[in-house]
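Below is one structure, written out as structure tokens, with a few remarks after it.
In what follows, every chain begins at residue 1, and chains take the letters A, B, ... in the order their sequences are listed.
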Amino acid sequence: MSPDSMVRMANQIAAFFKTQPKIDQAQGVADHLSDFWEPRMKAQLVAFVADGGVGLDDLVVEASKRL
Amino acid sequence: MKDFVIPWDGVDGNGIQDDRDMGTPAKSGAPVTLTIDGFEITVPTGTSVMRAAAEAGITVPKLCASDNLEAFGSCRLCAVEIEGRRGMPASCTTPVADGMIVKTQTPKVQKLRKGVMELYISDHPLDCLTCAANGDCELQDMAGVVGLRDVRYEAVETHFATRTASGPNPKYMPKDESNPYFTYEPSKCIACSRCVRACEEVQGTFALTMEGRGFDSRISAGTKLDDFMTSDCVSCGACVQACPTATLQEKSVIDLGTPTKSVVTTCAYCGVGCSFKAEMNGDTLVRMVPYKNGKANRGHSCVKGRFAYGYANHSDRILSPMIRDTIEEPWREVSWDEALGFAANKMRGLQETYGQKSIGVITSSRCTNEETYLVQKLARAVFGNNNTDTCARVCHSPTGYGLGQTFGTSAGTQDFDSVEHSDVVIVIGANPTDGHPVFASRLKKRLRQGAKLIVIDPRRIDLVKSPHVEAAHHLPLRPGTNVAVVTAIAHVIVTEGLMNEDYIRTRCDWDEFLDYATFVSDAKNSPEATALLTGVNAQELRAAARLFATGGNGAIYYGLGVTEHSQGSTTVMGIANLAMLTGNIGRKGVGVNPLRGQNNVQGACDMGSFPHELPGYRHVKNTDARDVFESLWGVTIDPEAGLRIPNMLDAAVDGTFKGLYCQGEDILQSDPDTKHVAAGLAAMECVIVHDLFLNETANYAHVFLPGSTFLEKDGTFTNAERRINRVRKVMAPRNGYGDWEVTQMLANAMGAGWTYTHPSEIMDEIAATTPSFADVTYQLLEDKGSVQWPCNAEHPDGMPLMHVDGFMRGKGRLMITEYIATDERTGPRFPLLLTTGRILSQYNVGAQTRRTENVAWHGEDVLEVHPHDAEVRGISDGDWVRLTSRAGETSLRVTLTDRVSTGVVYTTFHHPDTQANVITTDYSDWATNCPEYKVTAVQVSLSNGPSEWQEAYASQAAQSRRITPAAE
């Protein structure tokens, strides 16, 4: 997966959960990633965050720590 | 066309239950008792005497009556005597009355009927022995029934003689053979009007009419200058089915003779899932006739299911397995053993080199439930990973997510019969007259009875205005703004207090509703605020919202125009919200109804094709769900989700995904961003394509396993109503094996040790492991015809309507649906928005329909452009244009139409030489990765012919399809 695609897909997920009230939004993103992303995709995301996570929504960065 | 003598109890396994023509439609009034020929019979008020007699087992002769049409009373053959009434009334138009005493066979009526028949026959050619309808002709049968022995009238002036004594007969009209599937032979017409009425009442197209009066009456398709092909006829076959003589006759019957055997099966085209009788001579299919007891179609059909089955015998069909080491080599025909051994070694080798998760499968939404179940089982139990996905990824995966979140199940809430009780219907992002034609006919019938229609679609689809149907409101939104429009409708309903508060309080979570109400009431979600964005007139939207909320039973039908967006899942939630807000869930006539694209998309989803779900929508992370399969299969199931189709392709480009078994799907043509798909496939070391034809994906394949058609195997399909319908084998597989056998042989070549001997055993395993299928068996389907899941101890007869007393998840969940614009934007380089769709005569990537006579209606994909957009670009109707997006470019011809708004262009994706998906991008739904097919920023300009990509593609495809035959 190209970093651009990954960033866009992850940010799209965050954009949805940001609109949901009264929930732990970061957990919502983390749960979604954990339910639907295959391990190598999650690993790529975690590594990308470790590398600075340029372009990622803060909510994704927070969620990636809970994967 | 008459019904054949058939066993009514289906005892011989052909699935046929009583499907006699009862003469007039069933009614549902209070019981009325009458006596017919001395037998007492009780029927509902409003029933005709003819039907009552049929219920009592007494057949009254008839020609112009048929139980799918309202009585017409023109042939006079069904006359009976009724005590206390004068004359001999027509039994088809005479309603029953309490205490009525009817005699259907008296010397008086016998004489009358004989006289009527004598007149008919005096103007009918007596070429019965060489007539295509010989043995299948109601006129012939009635002549026999009434005892016609001689005709006293001399045929001086006729419609059938080509010449008269003084020269050519001006009344004679030659056969119209313009339609590829049936002929119209006016000389055999008895002017019963059944075809005209079928076109109106059943199909709803109004293409046929009766020209002239009295002796000059003739059936006419369109105007006097038209033939069937130039008229509005959509070739659904209803008129052919209705015709009692050879006047409208299938060309296949003319060629092959009348069939001798019928087997009930299920159409393999769209998600309506029509039941058909496959009518056979030996193992030759003579014709497909819609089956009256089919609960999805109720005896109706479209041009695809009725006629477009010729691909099964097309010369392009591949019948021998083939292999090659690289895609640059020609194919080598080999034995099944060699092909399967080659495939198994390669796949196992890849796993040894690149890891257990380096290979995967794509299950087919065109194959049966049983076959799909086996393919996902192959991934989970034999490959040992969850890398399984299906084409629902690219069509209705957002339905699964959206309805799962809001209602708790991933399925439509109704049966198709439900539409007969709807008062207001919203059709959003769907074009039923083209995509789901038989449902469209049922919908149009209800609209003609007075139900109101709201169409939400960027294009002016046929339903917006067609004969005797006109939408109350058409909201022509800008592609990509579904969420804004749906939320604005909710805004109107909530702010004007039109919601159903009682329903919300009892069925939904009230706190969530309050949050939702606050959200939608925000002025930014009002139709006035969103109009600039959506292009939808605010007053029109308000009126539509009011109509839906207050117009009675409100039903929503939607298609891929909803799901295939970056906010596809959010729109599905928004639709569920509208239904809950207005209390339109849980009874007849209402509901949320996804119109599924392919025949078994619902089934493929149910069977655990998705990489995160086991059969029955149970996430692989759940230990209890895994336990069921682990103990039965004796394997360990990976608790982590596998790769979805786009992720597989990404991983292939990254070098971590190396092998794919793809059954009955053509991802290279159907999936977005063709160049990326091609790069992914090219990066794999073993691509196994299992299909009828060398499809586009096969250009990149190393193993080709020949597939079987739906006529060649047993199984089940599950349609958009959750209805599990039987598919019955009517001929041996031309490739040697049903697809379930091929998958089993591949699994066994990889060491699986599977021993299924019939698909019913696979269904038994599905039932044993999947709670919603617990009571489903082939015997049950034999007894009931079909059943809608869930079918288990709690619902032994299945469930026609869902969420009746409460939602599957408990309380319905109203969800906040904030509009978030897609990243795909128009700009100076790409100022137009492309949206894509289907056309009636073609199906999906066209692999089947392009190999039938259906190409007569649609031989190439064309681009619809608004005349204003064309004018500023110097483009005229019929010009070749270049269509360019940031993903790629292609060339195709243009048609100018105001069906699309300015700024929007539209095309279909049925032809590989156009490759509309070269243009579409890799953007996708946020929740499910369903591609955003429906919104691509493009430019259109004049061109001289095919693009470089098209030329390169055609040459690669030709190179890749070379075959070296096996040595004898």
Check your understanding: Can you check whether A:Phe48's main-chain N or O pairs, donor with acceptor, with A:Asp51's side chain at less than 3.5 Å?
Key -> no
Look only at the side chain of B:Thr487 and the backbone of B:Ala484, and say whether a donor-acceptor pair between them is shorter than 3.5 Å.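 No; zero donor-acceptor contacts below 3.5 Å.
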Which portion of [X] sits near chain A, non-hydrogen atoms under 4.5 angstrom:
X: B:Ser569; result: neither
X: B:Met648; result: neither
X: B:Ile816; result: both
X: B:Asn387; result: side chain
X: B:Tyr923; result: both

**B:Asn917 and B:Thr920 side chains, donor-acceptor separation under 3.5 Å** = yes
(request) Go through the side-chain N and O atoms of B:Glu932 and B:Thr822 and say whether any donor and acceptor fall under 3.5 Å apart. (result) yes
Sort out for me which of A:Arg40, A:Met9, A:Met41, A:Gln20 touches chain B most, counting heavy-atom pairs under 4.5 Å.
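Top count of heavy-atom pairs under 4.5 Å with chain B: A:Arg40.
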In terms of heavy-atom pairs under 4.5 Å with chain B, the winner among A:Gln44, A:Lys42, A:Glu38 is A:Glu38
Original post:
Does any non-hydrogen side-chain atom of B:Pro398 lie less than 4.5 Å from one of B:Glu564?
Top reply: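 Counting from C-beta outward, B:Glu564 and B:Pro398 never come under 4.5 Å.
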Pair count under 4.5 Å, heavy atoms only, with chain A: among B:Leu649, B:Asp654, B:Leu643, highest is B:Leu643
In terms of heavy-atom pairs under 4.5 Å with chain A, the winner among B:Asp823, B:Asp638, B:Asp925, B:Asn647 is B:Asn647
request  = If the plane angle is over 60° it's perpendicular, under 30° parallel, otherwise tilted; pick one for B:Phe610 and B:His612.
outcome  =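 It falls in the parallel class, under 30°.
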*Is the NZ or CZ atom of B:Arg393 both under 6.0 Å from the centre of the six-membered ring of A:Phe36 and within 45° of that ring's axis?*
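Ring-cation test returns no.
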